[in-house]
Amino acid sequence: MTVQGTVSHDSLGITDSHNHLWISPVQGADPGSPVLDQFEPMRQELTEFHEKGGQTILDCQPQGCGRDGNRLLALSEASGVTVVACTGFHRRKYYAPDHWLWDAQPPKISEFICSELHQGLFETRDRPSPVRAGFIKIALEDTWARCPHAALEGAAAAALQSRSVMEIHTEKGALAEKACIYFMDQGLLPIQLVLCHMDKRPDLVLHKELARIGVLLEYDTFHRPKYEPSTNLWPLIEKMVIAGYTDRVALATDLAEVRLYHFLGGGPGLASLPGEIRSQLHQKGIPEAAQRQLLGGNISRRLAGIN
Ligand SMILES: [Zn+2]
């Protein structure tokens with residue numbers, strides 16, 4: 001399910017598994033929250049992504065923390081890039097302190113998430129055909145005690161009912177194993193679970209164990225020097241490929257900060273995934289078939305519910 005309606009999963013092509021295309025300012029949110037609210041530069045950014053061979057992007061901003069499904073649709077139409085929108089919840093600091101979600105009980109949260117998957121995104125309900133969410137995005141905090149348990153329970157119920165993919169923000173990989181156990185105990189299948197930002201915790205033994213269970217690991221620190229991608233991310237990709245786990249890793253650039261976009265801040269931009277990053281995979285001898293899996297094949301099959 002894309003913002004423009006349903007498409008066949010094998011038409012998604014090169015896909016960025018985790019990014020941000022639009023974030024409206026949120027009153028009362030943490031002052032450091034990212035804002036991406038310039039249409040024209042983002043349209044250019046997407047056009048460049050498309051010209052480099054990129055075809056699809058998963059937008060990871062849920063309702064209440066700056067998402068605008070109408071803008072996502074307009075950006076997709078104006079650029080030719082397929083966009084998949086999400087429902088769910090992000091970290092609490094990105095919301096107004098009185099946002100309804102944080103006091104809600106699990107059934108209400110589940111009902112809301114299911115309604116965004118089936119009827120349409122809250123802010124697009126006035127359209128003749130509302131934009132629908134294609135997956136669930138949730139966020140963990142650094143410790144289990146600090147996580148929003150009612151929201152986790154509600155999201156799990158919604159994923160169980162809808163069989164949707166759930167992308168799980170981790171704080172630098174923390175709680176990855178806990179989240180797997182929790183959601184599988186709730187009845188979710190490993191193919192529904194995508195653990196995000198796992199390359200910030202480049203523990204190969206852990207990654208292989210998680211891959212063996214069947215969850216998808218999302219890596220995205222290509223443009224984050226503080227995580228030393230040449231020492232951590234790139235060897236991790238090569239080792240996971242050598243270990244035969246080419247079907248368990250999905251790549252993304254998760255830019256979010258203005259400075260990292262080409263047309264907003266002079267950064268590497270969305271086009272770096274089909275551009276430099278793809279070239280580098282090639283130079284490192286990652287086989288073509290594996291490149292296709294890492295750059296879209298794996299996430300698109302899971303969005304379609306195929307193992
Ligand atoms: Zn993100």
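Just so you know, residue 1 is the first one in the sequence shown, and it goes up from there. Each ligand, and each atom within it, is numbered from 1 in the order the structure gives.
Taking the six-membered ring where the residue is Trp, F39 and W22 present tilted rings, their angle falling between 30° and 60°.
Identified under the side-chain hydrogen bond (donor to acceptor under 3.5 Å, both in side chains) test for residues 211-221, with sequence neighbours left out: H18-E218, H197-D220, D199-T221, H207-Y219, E209-R212. Listed by first then second residue, pairs satisfying side-chain hydrogen bond (donor to acceptor under 3.5 Å, both in side chains) with a partner in residues 55-76 read Q4-S76, H20-Q61, R67-E116, R67-E123, N70-R127, not counting sequence neighbours.
Under the rule for a side chain to side chain donor-acceptor pair (under 3.5 Å), N298 has no partner lying at least two apart in sequence or in another chain.
A salt bridge links R43 to E40: one of the charged nitrogens lies within less than 4.0 Å of a carboxylate oxygen.
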Is there a salt bridge (charged side-chain N to carboxylate O under 4.0 Å, His left out) between E141 and R92 once you walk through the steps? CA-CA 9 Å; E141 298 293 337; R92 188 171 184 156; over 6 Å; no

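With waters neither drawn nor counted, the protein N/O/S atoms under 2.8 Å from the Zn ion (ligand 1) amount to 3.
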